[in-house]
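Here is the structure we will look at.
Residues take their numbers from the sequence shown, with the count starting at 1. Just so you know, ligand 1 is whichever comes first in the structure, and atom 1 is the first atom listed for that ligand.
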Amino acid sequence: MSWASRAFSRRSVDQAMQTQQDYGMLAASVRLDEVSRLYKRSGNSDLLAVDRVSLEVFPAEFCSVLGPSGCGKSTLLMMIAGLYPTSSGRVFINDTLVNGPYTELGIVFQRDVLLDWRTVLDNVLLPIEVKGLSKARYRERALELLNMVGLGEFAGAYPEQLSGGMRQRVAICRALVHDPPLLLMDEPFGALDALTREKLNLDLMRLTTESNKTMIFVTHSIDEAVLMSDRIVIMSPRPGKVTQVLEVDLPKPRTLETRADPHFHALVHKIREAFHSMGII
Ligand code: ADP
Ligand code: MG
């Protein structure tokens, strides 16, 4: 069994469902209503990064956002998390307007943003502290997650002692530790070697399927998006607009062999064509 599915064993899934019931939460849904983001730049003209993006992400869906560098993917994710305000338009999670940092989610940023003065374990436990939960109660779970990404021995180490890929794996554990119903991941595997990346692709797919999580996954890898997603949102170059939303109707569960399926190739080809028609590849 993989690290992610073990971490979300039947027992922890039941606990999560119980917590969801306690808070009246089901798997999260996300709705973007004409969301735009304009960056004010001193001494420069304003920069429109995201242009009227409307999108609905369904409960327990794995939705990837695919687009060229600089098209506003990270900006979009930050607005969904309530970490950047929208310039216009609105974000709803579970039909509630997001108007400040939203805490019932796990987020992995494009750069790992670990806190250098805290150990690996204390970095993973950060969401527990922020939510005012008992660190002692979650310690075992944090260690279990670290073990599963092969970092058990590094629980007491400091981030500066880790490679980029290891730091990113710590960031993934931190996003998962409080078992949130919604995950936002911004190119989380960019710094990983190809084999680790494939392993984590499979683990994340299994995790989101088994534990009823809603995922918004930003990537610029077409293959990765097709392998993992239920739907793929294709964005134009800046200012980022949604140009196409593609259903990935490949059978599940998917494995690395899925990439040999002729339909996999057809979908990859279709996406390449979409980018080609935008003058990108
Ligand atoms: P992506 O994640 O798709 O590469 P980003 O959301 O990081 O794109 O950036 C979209 C655009 O917004 C880029 O042109 C980037 O330079 C600009 N941008 C991002 N953050 C800021 C900021 N804080 N101030 C000004 N411009 C920014
Ligand atoms: Mg980005």
Before accepting this row, confirm whether a basic side-chain N of the pair [X]/[Y] lies closer than 4.0 Å to the acidic partner's carboxylate O.
| X | Y | answer |
| --- | --- | --- |
| K135 | D122 | yes |
| E224 | R197 | yes |
| R254 | D261 | no |
| R111 | E187 | no |

Neighbouring protein N, O or S atoms of the Mg ion (ligand 2), below 2.8 Å
2
Exactly which residues line ligand 1, taking a heavy atom under 4.0 Å from it as the test?
Y39, L47, A49, P68, S69, G70, C71, G72, K73, S74, T75, R238
So, does D186 use its side chain to make a donor-acceptor pair with the main chain of V218 at under 3.5 Å?
no
Residue of the set V124, I172, L146, L126 for which side chain to side chain contact (heavy atoms under 4.5 Å, CB included) holds with V177:
V124
Knowing that exactly one of V30, I107, L83 qualifies, which makes a side chain to side chain contact (heavy atoms under 4.5 Å, CB included) with L184?
I107
Could you check whether R231 makes a cation-pi contact with F62, meaning its NZ or CZ is under 6.0 Å from the centre of the six-membered ring and within 45° of the ring axis?
no
If the plane angle is over 60° it's perpendicular, under 30° parallel, otherwise tilted; pick one for F189 and F217.
tilted
